[in-house]
Visitor: 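Just passing along the structure, written as structure tokens.
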Amino acid sequence: MKPRQVAPSKALLLSLLAAPHLAFAFYLPGVAPTTYQEGDLVPLYVNTIRPVAGPDGSLHSVVSYDYYYPLFQFCQPEGGPKSVSESLGSILFGDRIKTSPFELKMRKNETCKKLCEVTYPKGAAVFVNQQIASGISLNWLVDGLPAGQKIVDELTGTEFYNPGFLLGQESPTDGQIQFNNHYDIIIEYHQVAGSTNQYRVVGVIVQPESKKYTGPVDSNTCLTGYEPVVLNEAGDTKVQFTYSVYWIPSSTVWATRWDKYLHVFDPKIHWFSLVNSSIIVVFLVLTVTSVLVRALKKDIARYNRLDQFSLDDLSGTSALEDGVQEDSGWKLVHGDVFRTPSRPLLLSVLLGNGAQLFGMAGLTIVFALLGFLSPSNRGSLGTIMILLYTVLGSVGGYTSARMYKSMGGEQWKTCIVLTPLLVPGIVFATFFLLDLFLWAKQSSGAVPFTTMLVIILIWFVISVPLSFIGSWMGFRAPTIEAPVRTNQIPRQIPPVTGYLKPIPSMLLVGLLPFGAIFVELYFIMSSIWFSKIYYMFGFLFLCYVLMIMTCAAVTVLMVYFLLCAENYNWQWRSFLAAGTTAFYIFLNALLYWVSKLSLSSFAGSVLYIGYSLLISFLVFILTGTIGFFASWLFVRKIYSSIKID
Ligand SMILES: *[C@@H]1O[C@H](CO)[C@@H](O)[C@H](O)[C@H]1NC(C)=O
């Protein structure tokens, strides 16, 4: 295969977009390097056992287990495993880190160390074999680095480390399920420059093997070949666990040790389709805006000229033909566009929450882009999201209160209370229900009770009061006055036709923002469900900006057509139309389900659909809010630039 040539400018841009690479040079709090001397104990921690793609390439389960889940019967350290303290984000995103019985001493090679001997009864054997058949991986951490397997990307020929290694495998020859009981742990270390006895861990690979030992184990036993271990589903199976440790010097420095893990699969797809779609999107947005601006300029000039005529020329003869023209267009509904929409309370509450989500998403991506949320800082992504969401509760309250006040709402107490409770309540309730499912399956993915309590505490002790303060400030602020007066009697709305009907317009408007994020969405989904590391925040940032632009432009265009058709119910229409992006995201999730996953259990399907619905719901509020505010600015702008007698 010919090596792929990348033009220098493109390479520069690519490396900028993958900015965390550069940011690894910073020593961030919590990720300062640990230096070991020869013979120092390097801790090996175990994390959850997670489903991965099976031999057929599709995912069969979404239920992860604690490493010490009783049926797996893995060897425990003396005195039982202890939990390693973790951040809130790390726990929420499924990490359950515990101590292990492995003893790794810096630069001390060891072979065939005995771990423990375990007997697998029938029930455990059936369970473990079933897990292996559907694809499941062990996840270890050595000095904060995930133990991975070396994989060569067939497309680019580059070598990279994929976190996790298999619990067992199906034999390609006889289809028997082999259970891995021996681990070759290969650790790459780097000698600190200028030192004599200071070393750092810069890479961890584990090669699991299945060895049915026939006699007692000594330091040479595991070096020879054995029959694989097959757990007997009809009786007891004795299994001896062993491991070897090899320390290999490496030239990789500590600061760049994560690079091998952050591998861009198929950069071509990523790069070209993203650039193509962004060019199309930008082009589209520019065209829409320029057409709209020109049409509006003409409209406004015509309206104002008409106005001039009717003022100057009281006899009104010369303006008569123009006066006929005045009978159409968006100016006609000036007495109604700022009429309070139906259910102003619900709309304001949704808008407040949308603003909060908007801020959270944007700031998180910016933080990530600056390299603060590198994967070496475990769980920092989740933690920062929760933190930002909590703090931005004030923005939510403020937005909701101001919008409600400007819509002339009177139940201001209900508004203040509902803003921090309605949407987070729905999210929390769904999350809790799904958690019950995981809990019933005894999955480690179930968020522990104490963490739930912490979340409720953060919600009610910090976020709700902040939202109240925001709302109070919002209600104290002056009312946002409409640029034109609203008539007493509502105008009749002519029936809409064709693509302006609610459903077609929503489907049309939602499609484009979805198109802008479609490619990135694929990578996000595979990082969520196939537990791959996601770090392409540069691309994500680009996508977020593109999505906002498309969302705003298309919704504004729809609102313009709607007003031209003398329909002034633009508030809910703009929110719902832009929010339809979420509908496509959900459809996409269903498509992904059909094509990439083959979840065998009912609980797995419920969890998948549940989480997809939850994410879609949040996207609905987010994009709806973007659409609404874009239209709101647009409507205010155009109606304040015409003269109305
Ligand atoms: C450990 O073993 C590996 C592979 O056999 C070898 O390359 C390495 O130099 C050894 N390391 C030490 C510290 O002896």
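Atoms within each ligand, like the ligands themselves, are counted from 1 in listed order.
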Visitor: Provide, to 0.1 Å, the distance between atom 13 (C) of ligand 1 and the closest protein heavy atom, together with that atom's residue and name.
Guide: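 Residue, atom and distance for the closest contact: R107 O, 3.6 Å.
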
Visitor: With distance as the sole test, does S61 use its side chain to make a donor-acceptor pair with the main-chain N or O of P51 at under 3.5 Å?
Guide: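 It does not hold such a pair.
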
Visitor: Under 3.5 Å, is there a donor-acceptor pair between the Y67 and S100 side chains?
Guide: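 Looking only at side-chain atoms, S100 and Y67 do not form any donor-acceptor pair under 3.5 Å.
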
Visitor: Establish, yes or no, whether a centroid distance under 6.0 Å links the rings of Y199 and Y36.
Guide: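 Ring centroids of Y199 and Y36 are no less than 6.0 Å from each other.
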
Visitor: Just by distance, with hydrogens left out, do Q442 and Y69 show a side-chain donor and acceptor under 3.5 Å apart?
Guide: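 Per modelled atom types, Q442 and Y69 side chains form a pair under 3.5 Å.
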
Visitor: Specify the protein heavy atom at minimum distance from atom 4 (C) of ligand 1: its residue, its atom name, and the distance to 0.1 Å.
Guide: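 Scanning the protein heavy atoms, the shortest distance from atom 4 (C) of ligand 1 goes to Y246 CD2, 4.1 Å.
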
Visitor: For atom 6 (C) of ligand 1, which protein heavy atom lies nearest, and how many Å away is it?
Guide: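 Of the protein heavy atoms, N109 ND2, 4.1 Å lies nearest.
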
Visitor: Does atom 11 (N) of ligand 1 have any protein heavy atom closer than 4.0 Å?
Guide: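 So far as the 4.0 Å threshold goes, atom 11 (N) of ligand 1 is in reach of a protein heavy atom.
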
Visitor: Please check if atom CD in E38 has more than 12 non-hydrogen atoms from other residues, nucleotides or ligands closer than 6.0 Å.
Guide: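 Yes, enclosed.
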
Visitor: Please confirm whether W247 comes within less than 3.5 Å of ligand 1 when only nitrogen or oxygen atoms on both sides are compared.
Guide: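 Yes, at least one N or O pair falls under 3.5 Å.
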
Visitor: Among all protein heavy atoms, pick out the one at the shortest distance from atom 7 (O) of ligand 1; state its residue, atom name and that distance to 0.1 Å.
Guide: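 It is I248 CG1, 4.6 Å.
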
